[in-house]
Structures are given as structure tokens and as C-alpha cells.
**Student:** 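This is the structure I have questions about; it appears just below.
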Amino acid sequence: MQPQYQPSAVEQAAQAWWTEHRSFLAREGAEAKGRPKYYCLSMFPYPSGKLHMGHVRNYTIGDVLTRYHRMRGHNVMQPMGWDAFGLPAENAAMQNQVPPAKWTYDNISYMKRQLQSLGLAIDWSRELATCQPDYYRWNQWLFLRMLEKGIAYKKTQVVNWDPVDQTVLANEQVIDGRGWRTGAVVEKREIPGYYFGITQYADELLSALDTLSGWPERVRTMQANWIGKSHGVRFAFPYELDAKAGQLWVYTTRADTIMGVTFCAVAAEHPLAARAARDNPALAAFIDECRHGSVMEADMATMEKKGMPTGLFVTHPLTGARVEVWVGNYVLMTYGDGAVMGVPAHDERDFAFAKKYGIDIRQVVSVAGKDFSLDAWQEWYADKEKGSCVNSGRYDGLGYLQAVDAIAADLKAKGLGDKQVQWRLRDWGVSRQRYWGCPIPIIHCPACGDVPVPDDQLPVVLPEDCVPDGSGNPLARRSDFVDCNCPKCGAAAKRETDTMDTFVDSSWYYARFASPGASTMVDERAAYWMPVDQYIGGIEHAILHLLYSRFWTKVMRDLGLVSYDEPFANLLTQGMVLNHIFTRRTDKGGIQYFAPDEVELALDAAGKVIGAKSVADGQPVNYDGIGTMSKSKRNGVDPQSLIEAYGADTARFYMMFASPPEQTLEWSDSSVEGAYRFLRRVWVFGHRFATEMKPHLPSVRTLGAGALPPELAALRREVHLVLKQANFDFGKFQFNTVASAAMKMLNAIEKVPAGGGLAPGMVAEVVEEALSILVRLLSPITPHLAHGLWTELGLALEAGQAVLDAPWPEPVESALVQDEIELVLQVNGKLRGSVRVPASADKAAIEQLALASEAAVRAMDGKAAKRVVVVPGRLVNIVA
RNA sequence: GCCGGGAUGGCGGAACUGGUAGACGCACCGGACUCAAAAUCCGGCGGUGGUGACAUCGUGGGGGUUCGAUUCCCCCUCCCGGCACCA
């Protein structure tokens, strides 16, 4: 074997071997040979151009798990594909005058080569791209099924409208309330669109979270809060207007405070607001003002709360009091009925609103020992657990639950309300006024209306040669796409030009991977592979993508297409990859970003960073902390250059070692070098073993049969002890400590005692076993290095067996035993030394030995022990 | 604003169910090798006091529970992710 570690040679050889042996083709049925299936899936990438470090991290984690489970005896499947529709392709098209399709396919072929150079154990025979008609036709097909079942339907939606470009903007394209290209103030506009009735599944999506024991608690909590089941009361304020009786319906979770209502507020889009504005120009102007700005909830929630009275009054359903109706810019038309009751005394937002506009504040809940004040908001005003009703007539003295019950009953008796369960979750709007997406299979006929495209005319194929220009949807200008005949009456008709949200594409790709090439949406192979055993992706997908996929699965199940309830049995949410940010203020007040390799750091004597300067001009730059790698901040590191400089194994090892998968990972060039150094040491020691030790190996191995000399027993014990911990850590997905275990193991093996009367054959045997364990432990993380060493050192347990199919190593218990153990000695909880005791000693014996120890006697200073706490195998604490 | 998460040496991080805080690595310092440098190898490395054994403080800040708290509870600060048309 080569005495030096040459990653490119090692990696090319390993990859050639895997290709030749078709090592990563997943098998089904009899070919699975009775092994349990393990479907390991990383979230597929958007083909943005080239891989970024987040991809490398994501796919390395998936690959480590895939290879680990394979060695554990599973029938593994790890597919890969492309989330190929989306906005960036249209942006690139505008910039480069290249059709999104070409840009996308070019990116895919480049990124595929990059993924292959990482040595991922991917079954490429299952590759798919969501922009291919034989994939997205099933989006269209299922859309039609959902339409038939009433799960898909049409209604108006509120969008960001750029009045200059005359186009709908994505939230991302709205910067500070203005269009990103035109700078025009964005308006809210209502247009028709298709929705998926995810709320029909709200109950199950919530309750089934309890069955997802393989999901992180935080993701389940986020989804539960997002679905947002709340128990409250929906009730009405009657009014009379234009000589007609009407009712203003509101929803509240705080019905116990209903006696404190001093105003109502409606959304600007509410019919009552429109009616009031009819003869109130000031109000009309205010409503118009509310139309400006983005539709993002974060913007709505942080903007200044403004309101204006409508001059209309409604009647309090219980007190009969006249209550004025206001228009509030903070009231969401999309939640509940687009109107809220205002209780300034017990709602922080209402309090601020009332203070601002001089509305009455009426206390109706009190907490014993707390004084109510009109001057400043207090947390307890809104604490429904502790208070009871006051100033509330017949409800006085009731706690939250009793008050809600009594009030709901009274409202019900009057026919003006009842208890109601409310969801925060809204139906999923899927229409996008964009070109590069899956066409919605609808035809608009002047006579028949909206007509679904018949199944036998699917797929509705998207033309791939359009170049968008930023104003409107280019599809609308393509008569060869738009003009068609009505499937019902045959008359000339227009095809729908909206495309589907790209979240639709990613809501079921995992199932298609399990039935590649099927002539139906999925086939029986999906029944074998699904659900995904391990799903891996960024935490930023914790809600939308994962919730939509769960919803989509339940729809497919109810259509009889699949029989599982949930798509992802286990979920690992990986953290982001961060890097340092360096900036300089420009003369014009802008910010200039410097890539980390354009900056030289100044260190003090202890190695602490005390300054930075530009390599180019030697002038100082500011260190702006750490942030996600991004093009705009110029702090990204190109995986390609990393692989070229150090090899894929170093990139993989560094990624796993630098941080546990769920946490953020901070980039460090020197730590990458550290990873490389380690891999080189492994290789070099392998060479030393092959040349210096292996020749002494006895033909019949006796390891474990008899007692080893103490030095070798200690080495062997260390190796097995570290392995035991590493196996435990693997189960926790804590790959950083697995990597560090491999380092510890090498540290121990490198110090292998030699000479001193030790039989060289015995030394070689202990080292061979240690290397066999180390190489297998490393193989999921650094598969090329492991493949090379396994072969070159002849470590295979069965002839011809590659390391990727070798059995996972388990610690040998007999190698771990020891006669004496060391316990930590504490006095009053403070470390005061240690005490050696026989491994078999019982509590009484340990107490005695501890009390008699030199360290204890000194620390006790003649005082008597009140109590002795013994934690077996760990410590003794003497309480004096 | 709302929901979720995080904070440990100069840095990334470790610490099993409450039991030796700082494993492993990086950086830095010292030594060996070298004409010299790089690479490599050996040693040191939280703060303060002490020649030293050792003492003492120390896991974002404040309080609590416990023989014992990075870990559990309460309050606060800052940072990160999501907020429905980025993917």
C-alpha cells in the first residue's frame, strides 16, 4: 500500500469499486434476503447552481446513517432527486436570458457530479426531478382527485401586488414594504386561487403528532402550535343598519372577560368597514392605507397598531350596552370572522389601542393581592389561571372555566353564540402566478366555467422555452399553451396559467422514490419502503414542508393509494452551517463584505483574535460575528474547493466532527486541517501495521483466549471502552463524539507498547483487532479511507467482503473488566481526591475505605461524618 | 409581536437518568528534529493566590431545590430558526 495518504487516489479507487459492483442499488422482495428495510432520505436539494455546505452536511448525515444501518444488517435505500421548480430559476432567467428549464437541467448535472464526488451511497437509479412531466403529472392527477372530493377548491386570496410591474410578488420579493425590482410600495390585492383543505385534517394532524415518537419534541411542539387548536366562544353583537338587522360575529378565547368589552375592531377588508366608509371619506382613506404594505404576518404583528372609528355601533349581547365598531389595521381578515371584541383591561394589544385612542378600560377580572391600574400594563391582567370575575354582574366570583361555561350558556340561550373550537391553521393556498412550476390542470370555458382537465389529457405539459421578464406570467402570452378547447363542450377555451406552489412537488417525492417509473402515482414497491425510516433536513422546514407532507400522505391514504398514516417515522433536523462575517463601511454608507479568505486575522499572545485586515489593501475590516453562509454576505465556502484540497473524506469527517447534527456548525479552516491530519495519521499507522506488525501475525489467532500482559490488556480495554461509548453515541446521532472516539482510539493504538519482552505476534493481534474496529467505526463517516484500509490491510472477516458490508463492531465485555476501580471522593460535595476500591466492594466497604483515605482524613479535619453518599461505580460524598 | 431553540476556556465542542466541568480537536506557548523553515513528534494550556502539595472562584445574569446543579424550577438578557408566495 502507499506509505502516504493520497485522498484522490483512495477515493477514486473506492468509488470505482462501488460503481463496478453496483453497491448502492436498493433491492426489494426476495432480493432483500429477509433483511429489515431501512429507507433513509435527506431532503432533496433545490438545484441552485452548486452544492453549498448545508447540502454537504445534510447528505453526509444521511450517508452516515445509511452506511451504519447497512452494516447493522438492514436492506437500505438512499435515493436522491431534485426539487427543480421554483423562483430562483426565473430570476436567473431574467438575469441571463436563459430559459429556467435549461438553467435548471445544467445545474442538476453539475450538482449531481458534486454529490457523486462526495462518495454518497445513493441509488441513482431512482433519481427524479420535479420539473419532469412524468413526475408532476401526478401532482395534477391528485389535484383533480382532491377537487372531486372537495379537498381542493377555489376562493379569493390576498397577495402582494406590485403596481408598477403589475405582478404578484413573493414575500421574499417584498423589501420593507416595497417591490424588490421597482421599489414601488406593495399593495394587498385579492385574486382568485386554488386551496387545499388542510384544515379538514387539522384534528388528525394534531393528534397524530403523539404517534411521532421518532420526531424531535421541538418540531412536534412547533407543529402543534402552528395548527393552534383553541377552545373559545364565537358570538355576535347584534346591530341595526340601513333598517336591517345584522350581527357582528367575533371569536374569543377569553369569554370570561366579555363584560369588559368597550369596543369592537374589524379588519379593513370587513364588509362593515366597507359599508361605513361609504359616507366617510376619512375612513375610506384609512382603509385604503391599510391596503399598503406586505401580507406577511411578521409585518402585520410588528407594525404600529392603528385604528379609526366607523361611527357604527353594535349592541353588547349580554349587557345591551352600545359598543362602537373600529377598523383596526392589526385585525386579520383571515382568522376567525375578521373581527374581534376589545377588552382593554385584559388584553395587552387592546390595552395599548385603548390608551392610544382614549377608549374606556373596564376591569372585569381581579387577582387577589394585585391592584389594577390604568397607567401601565401588567402581566397578571391577562392571566386566566389566577383571576376571578369582578364588575361582571351575575358572573362575579367565577373563575375562568366557570365563567366561560356560564357566559357561553347565556349566549346560546339568546341564540347569539356558543362554544367553538378554532384553529390557527389556514387552508393551503397553492396557486402561484408564476411560470416555472407545475401547471394547474384547469381549463376556463366561457360557457362551462372552470373545467378540470380529463385524466387522459394529463400531463398538462409546461413549455420549457419561456424566458420570464419580471412582469406577469409569460405563460399567459403563449397562445400554444393557453388556447385550447373545452373538454366538456368543445368550444374555444383558455388554459389556467397559474402553477402550483413548489411545496406541492416536495409533498410526496419520497413516495415516488419508492416506486420509480411506476405507471401509476405509486405502486406496491412504495408499500414495502414506506414510511421513510429516517428523514433528515434543515430545521427551517419544521413546519411547512413537514406539515404539508403529512397532510398529503393522509389525502393519499384516504384515496386508497397508500396504507400508512405518516410519511416519516424518524426525523433528524440538522442545524445550519455558519461562517465569520467581515465588513467595512463604504464612503456612501453601504456595507462591503469580505470573504474570510480575503481577511488576515491579528492574534494576541494567547491566540485570541484582536483584529482583522484585508489581504488586498492591508486596511482594517470589522469582524461582524457569525452568520449563515450566504452569497450576499460573501462568507460561503465552496465544497468543491474543499474536496479538491483535502478529499471528500476530510470534508465528511470535519462536518461530522465539528458539531452535533442538530446544532449549528461554525466553519473553521484550521479545524478542517485537523480532520485531514487525523485521517492521514490513520492511513500512516495502517501502513506501519502492514509493514512492521502484520508479518508477525500468528496463523492461528488466540486473542481473548488467555490473559494478555497488562500493557496490552489496557490497550485492548481502552479500545473496547471507547467503542462502547461510540456505539451509544451513534444511537443518539451524536456523530461528533463518534468521530472523537475514533481519534481517541487512534491515540491509544499509536502508543502500542513494543519490545519489553512482549511477543510481537501478540502485539500484532491486539493491534489488528483494534484497527479492524477503528476502520469499521470510521467507515460510515470516511467510507473511501475505510474501504482502502480494509482491503489493503486484509481486515475482511470473510473473503472478498468490503467494509461496507462488514458487520458493525460490538465491544467484547471480557475485555472491559477490571479488578480495581477509582471512585471520586467528595467532602460536602467538593472534590477532595479519589479512592481506589476493589470492583466487587459493597457500599459498606466503600464507605470504610473512603473514610479511612488520606484525602478524606485531611479534608474532614477531625470532624465526624454525618452521612456518606455512595454512587456505585462513580463517587463517594462524605457529608460532615 | 407570536411560536420554537440556544448560550460552557482564546475557538468548535464533551460531560451517560442530578455525580470528577472543559473529553476530543483547533489555536497558542515550550521542547526535540533541522544550517534554517515547514511538516512531524513530545510536553503545557479556564481565572486568581502559592516554589509546591494545595486553596479558591468559574458553565449568559439573578434567585431557588439538593449531600451534590452545565443538568431540575422561577425571573431576566442576548443570539438563532419559523411566521403560511424563498426553498
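The chains referred to below are lettered A, B, ... by the order of the sequence lines, with proteins before strands, and numbering in each begins at 1.
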**Student:** Ignoring hydrogens and angles, are the base of B:G19 and the side chain of A:Q826 linked by a donor-acceptor pair under 3.5 Å?
**Tutor:**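 Yes, a donor-acceptor pair under 3.5 Å.
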**Student:** Ring centroid separation for A:Y654 and A:W667, is it under 6.0 angstrom?
**Tutor:**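 Yes, ring centres under 6.0 Å apart.
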**Student:** When you measure from the side chain of A:I543, which nucleotide among B:G82, B:C83, B:U40 comes out closest?
**Tutor:**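 Output: B:G82.
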**Student:** Measure from the side-chain heavy atoms of A:E297 and tell me the nearest of B:A84, B:U56, B:G13.
**Tutor:**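 Nucleotide nearest to A:E297's side chain: B:A84.
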**Student:** Once you round it to whole Å, what is the distance between P of B:G13 and CG of A:L578?
**Tutor:** 9 Å
**Student:** When the ring centroid of A:F44 is compared with that of A:Y510, is the distance short of 6.0 Å?
**Tutor:**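 Distance test on ring centres: not under 6.0 Å, no.
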**Student:** In whole angstroms, how far is the C1' atom of B:G81 from the CE atom of A:M43?
**Tutor:**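 About 13 Å, once rounded to whole Å.
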**Student:** Classify the side chain of A:N225 versus the base of B:C3 as yes if they form a donor-acceptor pair under 3.5 Å and no if they do not.
**Tutor:**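 For A:N225, whose side chain was compared with the base of B:C3, there is no donor-acceptor pair (under 3.5 Å).
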**Student:** Check whether the ring centres of A:Y136 and A:F85 lie less than 6.0 Å apart, and answer yes or no.
**Tutor:** yes
**Student:** Closest to the A:F503 side chain: B:A87, B:G4, B:A15?
**Tutor:** B:A87
**Student:** Whole Å only: how far is the CD atom of A:E600 from the P atom of B:A27?
**Tutor:**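 Computing the A:E600:CD to B:A27:P distance gives 16 Å.
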**Student:** Can you tell me if A:D649 and A:T782 form a side-chain donor-acceptor pair at under 3.5 Å?
**Tutor:**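 Short answer, no.
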**Student:** Can you tell me how far P of B:G18 sits from CG of A:L831, to the nearest Å?
**Tutor:** 21 Å
**Student:** In whole Å, I'd like the distance from the CH2 atom of A:W226 to the C1' atom of B:C2.
**Tutor:** 11 Å
**Student:** So, does A:R681 get its side chain near the phosphate of B:U40, meaning an N or O under 4.0 Å from OP1 or OP2?
**Tutor:** no
**Student:** Ignoring the backbone of A:L425, work out which of B:C57, B:G25, B:A84 is nearest its side chain.
**Tutor:**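 Selected nucleotide (nearest to the side chain): B:A84.
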**Student:** Please compare A:E666 and A:P88 by the position of their nearest nucleotide in RNA chain B and report the one closer to 5'.
**Tutor:**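 Checking each residue's closest nucleotide, the 5'-ward one belongs to A:E666.
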**Student:** Name the closest nucleotide to the A:L87 side chain, picking from B:A23, B:A87, B:G12.
**Tutor:**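 In terms of side-chain proximity for A:L87, the closest of B:A23, B:A87, B:G12 is B:A87.
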